[in-house]
There are 2 protein chains.
Amino acid sequence: MNDDAVFRALADASRRLLLDRLHRQNGQTLSDLCDGLDMTRQAVTKHLTILEAANLVSSRKEGREKLHFINPVPINAIAERWIAKFEQQRLTALSALKEHLETTPPSRKKKKD
Amino acid sequence: MNDDAVFRALADASRRLLLDRLHRQNGQTLSDLCDGLDMTRQAVTKHLTILEAANLVSSRKEGREKLHFINPVPINAIAERWIAKFEQQRLTALSALKEHLETTPPSRKKKKD
DNA sequence: CTAATATGCAACCAAATGGTTGCCTGTCAA
DNA sequence: TTGACAGGCAACCATTTGGTTGCATATTAG
């Protein structure tokens, strides 16, 4: 629910990549997520900690492994509560354009407006 | 068009506040935007520079004033290209739930599953 | 012209960030 | 039981970040 933590968690490209990977395959272990990244395991751990703090990822211990799961809720919350504002502004611009087109005489072409 | 710059620009609460203000009233000067903030003008300038670099704000000089305008395009781009993925995941979860409910015998109550 | 207003520029600073290395702990398999 | 594998913890480091102060420049009002 904390917008700030979510925004800040999303600010880093490595973390967005981790989310991407979890999106492609959910429930990966730490080692899975480290695979192919040029980063130490500890760095990845730190990123995951931040993602968990922002509630973008949840985890569960399974024996000696730790499985990570993506949580789409905070992102959707931001999309709805925050981005919708700007979406509305875009729609306003569109409707202004629409009105402009409608109030402009349709069967006559102007050279300049 | 650069996702990273946009995400990073949005990561700071002060910058989101500035966007908020511009959303409420577009075309404000630097001094307008400073009003009531406990930050120096120079700090605000820096934030605006970052927002401009991310293409979230555009500006125009008018005499000795500099007017600032919000640009909703990058935010919508992110919403569409990035957040849609997670939206889809949520819908997947919903349809899984739906299927579960449909395949579960409707007229008989189970004590445990 | 001169003063006030609006902004720009640069140096500086403390704290946060993203990363590392080194070592410790817990769990599973042979 | 003893490695090997998966992960945790802590100290340390360089760079980035968000902010400051001080001064310079440009425009407008009187």
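Below, chains carry the letters A, B, ... as their sequence lines are ordered, and counting in each starts from 1.
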* To do: Give the nucleotide from the list dG18(C), dG8(D), dG18(D) with an atom nearest to the side chain of His47(B).
  =>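 Nearest to the side-chain atoms of His47(B), counting from C-beta on, is dG18(D).
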
* To do: Report the distance from atom CZ of Arg15(B) to atom P of dG19(D), rounded to the nearest whole Å.
  =>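 After rounding, the reported distance stands at 8 Å.
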
* Whole Å only: how far is the CG atom of Leu37(B) from the C1' atom of dG18(D)? ->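 From Leu37(B) CG to dG18(D) C1': 14 Å.
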
* Asked: How many Å lie between CG on Asp12(B) and C1' on dG19(D), as a whole number?
  ->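 Result: 11 Å.
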
* Spacing between Leu48(A) atom CG and dG7(D) atom P, to the nearest angstrom ->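 Value for this atom pair: 10 Å.
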
* **Along DNA chain C (nearest heavy atom to each residue), the more 5'-positioned of Thr45(B) and Asp38(A)** =>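 Its nearest nucleotide being more 5', the pick is Thr45(B).
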
* Tell me which residues in residues 58-66 of chain A put a heavy atom below 4.0 Å from DNA chain D, sorted by number, or none. =>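 Residues of residues 58-66 of chain A under 4.0 Å from DNA chain D: Arg64(A), Glu65(A), Lys66(A).
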
* Asked: Hey, does Leu22(B) have a side-chain heavy atom less than 4.5 Å from the side chain of Val57(B)?
  ->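 Yes; the side chains approach each other to less than 4.5 Å.
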
* Once you round it to whole Å, what is the distance between P of dG18(C) and CZ of Phe7(B)? ->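 The answer, rounded to whole Å, is 15 Å.
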
* Examine Ile70(A) and Leu30(A) and state if one hydrophobic cluster contains both, with Ile, Leu, Val, Met, Phe, Trp and Tyr joined whenever side-chain heavy atoms are less than 4.5 Å apart. =>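 Yes: a chain of side-chain contacts under 4.5 Å links Ile70(A) to Leu30(A).
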
* Tell me, which pairs form a salt bridge (Lys or Arg N to Asp or Glu O under 4.0 Å) where one or both residues lie in residues 67-76 of chain B, sequence neighbours left out? ->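 Every pair satisfying salt bridge (Lys or Arg N to Asp or Glu O under 4.0 Å) with a residue in residues 67-76 of chain B: there are none.
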
* **Under the salt bridge (Lys or Arg N to Asp or Glu O under 4.0 Å) test, residues paired with Arg16(A) that sit two or more places apart** =>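 By the salt bridge (Lys or Arg N to Asp or Glu O under 4.0 Å) rule, Arg16(A) matches Asp4(B).
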
* To do: Calculate the interatomic distance between Asp4(B) atom CG and dG18(C) atom P; express it in whole Å.
  =>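 So the two atoms are 11 Å apart, to the nearest Å.
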
Extract from the structure each pairing of a protein N or O with an N or O of nucleotides 21-25 of chain D at less than 3.5 Å, listing the distance.
unit_1	atom_1	unit_2	atom_2	d
dG22(D)	O6	Gln42(B)	NE2	2.8

* To the nearest angstrom, how far is Leu51(A) atom CG from dG18(C) atom C1'? ->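 It works out to 13 Å between those atoms.
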
* Closest nucleotide of DNA chain C for His68(B) versus for Ile50(A): which of these residues is on the 5' side? ->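 Per heavy-atom nearest nucleotide, the more 5' residue is His68(B).
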
* Asked: OP1 or OP2 of dG7(D) less than 4.0 angstrom from a side-chain nitrogen or oxygen of Ser31(A), does that happen here?
  ->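 Checking Ser31(A) against dG7(D): at least one side-chain N or O falls below 4.0 Å of OP1 or OP2.
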
* Asked: Quick check: does any side chain N or O of Gln28(A) sit under 3.5 Å from a backbone N or O of Arg21(A), one acting as donor and the other as acceptor?
  ->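 Flag set: sc Gln28(A) to bb Arg21(A) pair under 3.5 Å.
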
* If you group Ile, Leu, Val, Met, Phe, Trp and Tyr whenever their side-chain heavy atoms sit less than 4.5 Å apart, what else falls in with Phe69(B)? ->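 Its cluster mates, by chain and number, are Leu67(B).
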
* To do: Give a yes/no answer on whether the side chain of Thr29(A) brings an N or O atom under 4.0 Å of OP1 or OP2 in dC5(D).
  =>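 For dC5(D), neither OP1 nor OP2 has a side-chain N or O of Thr29(A) closer than 4.0 Å.
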
* So do the side chains of Asp12(B) and Leu17(B) get within less than 4.5 Å of each other, counting heavy atoms only? ->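 Result no, sub-4.5 Å side-chain heavy-atom pair not found.
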
* Do the side chains of Asn2(A) and Asn55(A) get nearer than 4.5 Å, heavy atoms only? ->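 Asn55(A) does not reach Asn2(A) side chain to side chain.
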
* Whole-Å gap separating P (dT27(C)) and CG (Leu30(A)) ->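 Spelled out: CG on Leu30(A) to P on dT27(C) is 16 Å.
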
Without placing hydrogens or testing angles, list every side-chain donor-acceptor pair under 3.5 Å for residues 39-52 of chain A, not counting sequence neighbours.
unit_1	atom_1	unit_2	atom_2	d
Thr40(A)	OG1	Ala43(A)	N	3.4
Thr45(A)	OG1	Arg41(A)	O	3.0
His47(A)	ND1	Arg15(A)	NH1	3.1
Thr49(A)	OG1	Thr45(A)	O	2.8
Glu52(A)	OE1	Ser59(A)	OG	3.0
Glu52(A)	OE2	Ser59(A)	OG	3.3
Glu52(A)	OE2	Lys66(A)	NZ	3.3

